[in-house]
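None of these values were measured; they are calculated from a predicted model. Numbers restart at 1 for each chain; the letters A, B, ... are given by sequence-line order, proteins then strands.
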Number of protein chains: 2
Amino acid sequence: MLLERPFRPDERLPTEAELSRDLGLSRQTVRKAFSDLVSEGLVYRVPGRGTFAVQGGQDGRYLRAFGPVDDILALTNDSDLEVLQPLARTIDIEAAGRMRQATDEVYAGLFRREHTAGPFMVTRICVPLDLGHGLAEHDSFAKPGVRSPATMIEHLERDMGISVAGALQSITAESATPELCKYLECALDSPVLRIDRLFFDVTGRFVELTINHFNPSRYTYRVEVRRRQTA
Amino acid sequence: MLLERPFRPDERLPTEAELSRDLGLSRQTVRKAFSDLVSEGLVYRVPGRGTFAVQGGQDGRYLRAFGPVDDILALTNDSDLEVLQPLARTIDIEAAGRMRQATDEVYAGLFRREHTAGPFMVTRICVPLDLGHGLAEHDSFAKPGVRSPATMIEHLERDMGISVAGALQSITAESATPELCKYLECALDSPVLRIDRLFFDVTGRFVELTINHFNPSRYTYRVEVRRRQTA
DNA sequence: CAGTGGTCTAGACCACATT
DNA sequence: ATGTGGTCTAGACCACTGA
């Protein structure tokens, strides 16, 4: 209510001091309002720089859940990533489109995650060209057969200076293709869980697309969803 | 850090005034700390009464996501619930156990949700005995064949005075059984999406268990997950 | 250097619960 | 009447950013 939309993506919003002065409210009240906007994912704030509008397109068809993105990758704990097809520059119109890229090219590769109990997930990972350049040199993503506890998100955050803010997930069920059977050690046409994740950073830019297939006998996706508590 | 665990479920915690005095902090600082605990789902607060510990058992294996529970039921929009098997008192050891009931009995029924495009979901709904008594009289749940835009959550909240706080979800893929094929209009052994939801109220008590099977060609589960922003 | 957001203190008034 | 959490004001200091 406080701020009149619309703001263009990445547009800088008025500062706390300005709003406090112009609206005749205390700074703490303005801060509370901004804090709520951040919680709703409408703006992001950078200490020393200001407050900015998030890129739009969150078309409301999605449930908005708030939680540690790190935990989405909870499967990462105690699991290794194995390179099946190294990350390489590829033409992938669909992936490029879903990440809203201007080109048809992305960096893409095929990977597998395994537990002690065996492989439970095959993932195709796609990243935009500019981010892929730096990543394609890591053995963890580029060397066929290499196993490591790597996570693409970690590399994006640590080495590329990106702050991943969240992901859009689409979850469905599919039949196992011959390729999936081979990698997941399941029967042909048996049901597999498919989860697509489109990651975005704090500015709303899409930074990674993963298409994940899970062997349901070795993995169940568990999520706790909580009603937004305004307390 | 502020408060030393453990607190028993529903145990009353010190008030803001007490902590502020005893710890030598301002009340606003204590409030901020409580606010964070609420966000993490560790306590709940009731105006005029106090602050209470949430029932334990959240064993940490779950991703904690924060979002409007109402939206979990987003599928509820523009969809009707059809009674396949009315809500009735039944012995269901597994359901009773998952809801941590003392007995082996629950109220359970089978329902179906349909779009204009046709049925897309079959759901088995289980509620504890004490809650079921009041619900089994609603036509929306008790009369075979009845279709209505009902939601069990709505009834729990509006008529039973329960505040649903969230749900534990387990998501996996299964093969369609003959019964599911009939109801979901899909092929035998085709993949279906299964989502189990265990709902709890603000005190941490489990109030409903639903076992949902989706026809993946008519429904995809979409969720936006965001990293918890402490801003 | 001035401006930004992040944190903290201190005090006020309110609606609501309990006694 | 008392005590609870919810909200607001007013002012302070800090770390960090950018010019």
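Within the cation-pi definition used here (under 6.0 Å to the ring centroid, within 45° of the axis), B:R194 does not qualify as a partner of B:F214. Both cation-pi conditions hold for B:R197 and B:Y221: the charged atom is under 6.0 angstrom from the six-membered ring centre and inside a 45 degree cone around its axis.
Side-chain N or O atoms of B:D201 include one that pairs as donor or acceptor with a backbone N or O of B:R205 at under 3.5 Å.
A:R31 has a carboxylate O that lies under 4.0 Å from a charged side-chain N of A:E16, or vice versa, which qualifies the two as a salt bridge.
Distance CD (B:E18) to P (D:dG5): 8 Å, rounded to an integer number of Å. Atom pair B:R21:CZ and C:dT9:P shows a separation of 16 Å (rounding to whole Å applied). Following rounding to the nearest Å, A:R45 (CZ) and C:dG3 (C1') show an atom-to-atom distance of 13 Å. For the pair A:K32 NZ and C:dG5 C1', the interatomic distance rounds to 17 Å; values are reported in whole Å. The separation between A:Y44 atom OH and C:dT4 atom P is 16 Å, rounded to whole Å. If you take CG of B:L13 and C1' of D:dG3, they are 16 Å apart, rounded to a whole angstrom.
Taking the side chain to side chain contact (heavy atoms under 4.5 Å, CB included) definition, one finds that A:Q101 meets it with A:A96, A:M99, A:P128, sequence neighbours left out. Scored by the salt bridge (Lys or Arg N to Asp or Glu O under 4.0 Å) test, A:E18 finds no partners at all (sequence neighbours excluded). A:S148 is linked by a side chain to side chain donor-acceptor pair (under 3.5 Å) to A:S140, counting only residues two or more places apart in sequence or in another chain.
Residue A:T51 places none of its side-chain N or O atoms closer than 4.0 Å to OP1 or OP2 of C:dT4. Distances shown here put every side-chain N or O of A:T29 at or beyond 4.0 Å from the OP1 or OP2 atom of D:dC8.
For B:E16, counting side-chain heavy atoms from C-beta on, the closest listed nucleotide (D:dT4, D:dC8, D:dG6) is D:dG6. For B:R31, taking side-chain heavy atoms from C-beta onward, the closest of the listed nucleotides D:dT4, C:dT4, D:dG6 is D:dG6.
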Contact state string [nucleotides 10-19 of chain C, B base, S sugar-phosphate only, - no protein heavy atom under 4.0 Å]
BBB---BSS-
Secondary structure of DNA chain C in dot-bracket form (Watson-Crick or G-U wobble, distances below 3.5 Å, | marking inter-strand pairs)
||||||||||||||||.|.
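No side-chain donor-acceptor contact under 3.5 Å links A:S20 and A:R27.
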Donor-acceptor contacts, no H, no angles, side chain residues 86-94 of chain A, under 3.5 Å, sequence neighbours left out:
unit_1	atom_1	unit_2	atom_2	d
A:R89	NE	A:E105	OE1	3.3
A:R89	NE	A:E105	OE2	3.3
A:R89	NH2	A:E105	OE1	3.0
A:T90	OG1	A:A88	O	2.8
A:D92	OD1	A:E94	N	3.3
A:D92	OD1	A:A95	N	2.8
A:D92	OD2	A:R124	NE	3.4
A:D92	OD2	A:R124	NH2	2.9
A:E94	OE2	A:R98	NH1	3.4

